[in-house]
Undergrad: 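One structure, pasted below without further comment.
Bear in mind that the values here come from a model prediction, so they are computed numbers and not experimental data.
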Amino acid sequence: MHVYITVAINGTLDADAVPAAVEQALAPYGEQRDVIGEDAIATGKWEGWIVGGRLANSWAITAHPKLATARLPRWQWPDHGHGSIARVRDITATSLTATTAYIHLDGTWHDSGRLDWQPTIAHDSAAARRWRFDYSAWITTLPADTWLVLIDAHR
């Protein structure tokens with residue numbers, strides 16, 4: 001199952017610092033294993049992640065940053081994040097649809113309450129409508145120079 005996450009990164013960073021900031025923002029929530037008795041139980045929110053993934057190029061971006069991603073795992077940063085990383089001001093607002101979760105600038109995790117459905121699909125439940133509203137409201141609170149990175153994580 002895929003979990004889609006929008007990660008907000010401080011806009012004072014230059015483009016080349018964004019990949020490390022993304023990894024730092026994701027680290028507390030990723031693959032974790034707790035030992036309960038003799039069993040190792042996966043307790044993190046995902047097993048692995050990739051920039052863009054199935055939602056690559058879903059944002060309409062007016063200015064694409066140039067990232068020096070040569071030293072990063074190519075499978076994790078395909079096409080150098082093209083179409084999945086941009087500043088808020090460079091993304092057409094109507095293309096910013098709610099992801100399953102987001103990580104705020106302060107590093108806090110926020111999700112729809114259900115990691116087993118995708119809000120990008122037209123769910124008409126009150127909870128899905130509320131999540132899409134909350135996500136949109138969050139976007140409007142971000143400074144225009146904030147970096148947004150679209151992550152496709154696998155559970």
Side-chain angles (χ1 to χ4, degrees), residues 1-36 39-59 61 65 67 69 72-73 75-78 81 83-91 93-155:
M1 181 177 76
H2 292 258
V3 176
Y4 302 107
I5 308 155
T6 305
V7 180
I9 302 295
N10 187 321
T12 62
L13 297 177
D14 68 12
D16 288 337
V18 170
V22 168
E23 289 184 22
Q24 182 179 0
L26 291 170
Y29 307 107
E31 182 180 11
Q32 299 169 13
R33 300 242 182 243
D34 290 337
V35 177
I36 299 174
D39 298 319
I41 307 295
T43 58
K45 298 183 186 305
W46 61 79
E47 300 165 346
W49 58 270
I50 185 171
V51 173
R54 291 183 178 185
L55 294 183
N57 295 310
S58 62
W59 292 341
I61 299 174
L67 296 180
T69 56
L72 300 171
W75 64 269
Q76 208 165 30
W77 291 84
S84 302
I85 178 172
R87 293 186 186 272
V88 170
R89 68 174 174 248
D90 297 328
I91 305 172
T94 55
S95 69
L96 279 166
T97 57
T99 53
T100 313
Y102 66 83
I103 298 176
H104 189 56
L105 288 167
D106 65 6
T108 56
W109 173 272
H110 301 268
D111 65 49
S112 60
R114 295 193 54 194
L115 295 182
D116 61 341
W117 61 268
Q118 307 307 323
T120 54
I121 299 172
H123 290 284
D124 198 31
S125 71
R129 286 192 304 272
R130 180 64 194 183
W131 175 248
R132 288 191 297 266
F133 175 82
D134 290 348
Y135 179 91
S136 295
W138 168 67
I139 293 290
T140 65
T141 68
L142 298 172
D145 67 343
T146 301
W147 291 102
L148 292 182
V149 181
L150 184 59
I151 300 293
D152 179 353
H154 190 268
R155 280 178 62 88

Undergrad: Which pair of non-hydrogen atoms, one from Ala101 and one from Thr99, has the smallest distance, and what is that distance?
TA: O-OG1, 2.7 Å

Undergrad: Is there a side-chain contact between Val51 and Leu150 in this structure, where contact means two heavy atoms from C-beta onward sitting under 4.5 Å apart?
TA: no

Undergrad: Atom CG of Asp145 and atom OG1 of Thr12: how far apart are they, to the nearest 0.5 Å?
TA: 7.5 Å

Undergrad: Minimum heavy-atom separation for Gly52 to Ser84, with atom names?
TA: CA-OG, 3.1 Å

Undergrad: Could you check whether any side-chain heavy atom of Leu148 comes within less than 4.5 Å of a side-chain heavy atom of Ile9, counting everything from C-beta outward?
TA: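 Side chain of Leu148 against side chain of Ile9, heavy atoms only: no contact under 4.5 Å found.
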
Undergrad: How close do Ala25 and Pro28 get, counting heavy atoms only, and between which atoms?
TA: O-CD, 3.4 Å

Undergrad: CD1 of Ile5 to CD1 of Ile103: how many Å apart, nearest 0.5 Å?
TA: 6.0 Å

Undergrad: Is a donor on one side and an acceptor on the other found under 3.5 Å between the side chain of Trp109 and the backbone of Tyr29?
TA: no

Undergrad: Which value, rounded to the nearest 0.5 Å, describes the distance between Leu96 atom CG and Ser136 atom OG?
TA: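 Separation between the atoms: 8.0 Å.
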
Undergrad: Report the distance from atom CG of Asp111 to atom CG of Asp134, rounding to the nearest 0.5 Å.
TA: 11.5 Å

Undergrad: For the backbone of Ala17 and the side chain of Asp14, can you confirm whether one donor and one acceptor N or O come within less than 3.5 Å of each other?
TA: yes

Undergrad: Measure the shortest side-chain to side-chain distance between Trp49 and Val22 over non-hydrogen atoms and say whether it is less than 4.5 angstrom.
TA: yes

Undergrad: Would you please test Tyr102 and Trp131 for ring-ring contact (aromatic ring centres under 6.0 Å, His included) and show each step?
TA: CA-CA 11 Å; Tyr102 66 83; Trp131 175 248; 5.7 Å; yes

Undergrad: Would you say the side chain of Ile151 lies within less than 4.5 Å of the side chain of Thr6, judging by non-hydrogen atoms?
TA: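 SC-SC contact between Thr6 and Ile151 ruled out.
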
Undergrad: State, yes or no, whether a side-chain contact exists between Trp147 and Asn10 at a heavy-atom distance under 4.5 Å.
TA: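 Sidechains of Asn10 and Trp147: no contact.
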
Undergrad: If you round to the nearest 0.5 Å, how far is CD1 of Ile91 from CD1 of Ile139?
TA: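 The CD1 atom of Ile91 is 7.0 Å from CD1 of Ile139, to the nearest 0.5 Å.
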
Undergrad: Rounded to the nearest 0.5 Å, what separation is found between the CZ atom of Arg89 and the OG1 atom of Thr146?
TA: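 Output value for this atom pair is 9.5 Å.
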
Undergrad: Return the minimal non-hydrogen interatomic distance between Leu13 and Arg87, and the atom names on each side.
TA: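 For Leu13 versus Arg87, the nearest heavy atoms are O-NH2, 3.5 Å.
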
Undergrad: Using a 3.5 Å distance criterion without hydrogens, assess whether the side chain of Arg132 forms a donor-acceptor pair with backbone atoms of Thr97.
TA: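 No; judged by distance alone, with no hydrogens or angles, the pair does not exist.
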
Undergrad: Decide side chain to side chain donor-acceptor pair (under 3.5 Å) for Ser112 and Tyr135; before the verdict, give the C-alpha distance in whole Å, the side-chain angles of both, and the deciding distance to 0.1 Å.
TA: CA-CA 9 Å; Ser112 60; Tyr135 179 91; over 6 Å; no

Undergrad: If we only count heavy atoms from C-beta on, is the Pro143 to Leu105 side-chain gap below 4.5 Å?
TA: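 Pro143 reaches Leu105 side chain to side chain.
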
Undergrad: How far apart are the C-alpha atoms of His110 and Trp138, what are their side-chain angles, what is the distance that settles it, and do they pass the side chain to side chain donor-acceptor pair (under 3.5 Å) test?
TA: CA-CA 10 Å; His110 301 268; Trp138 168 67; over 6 Å; no

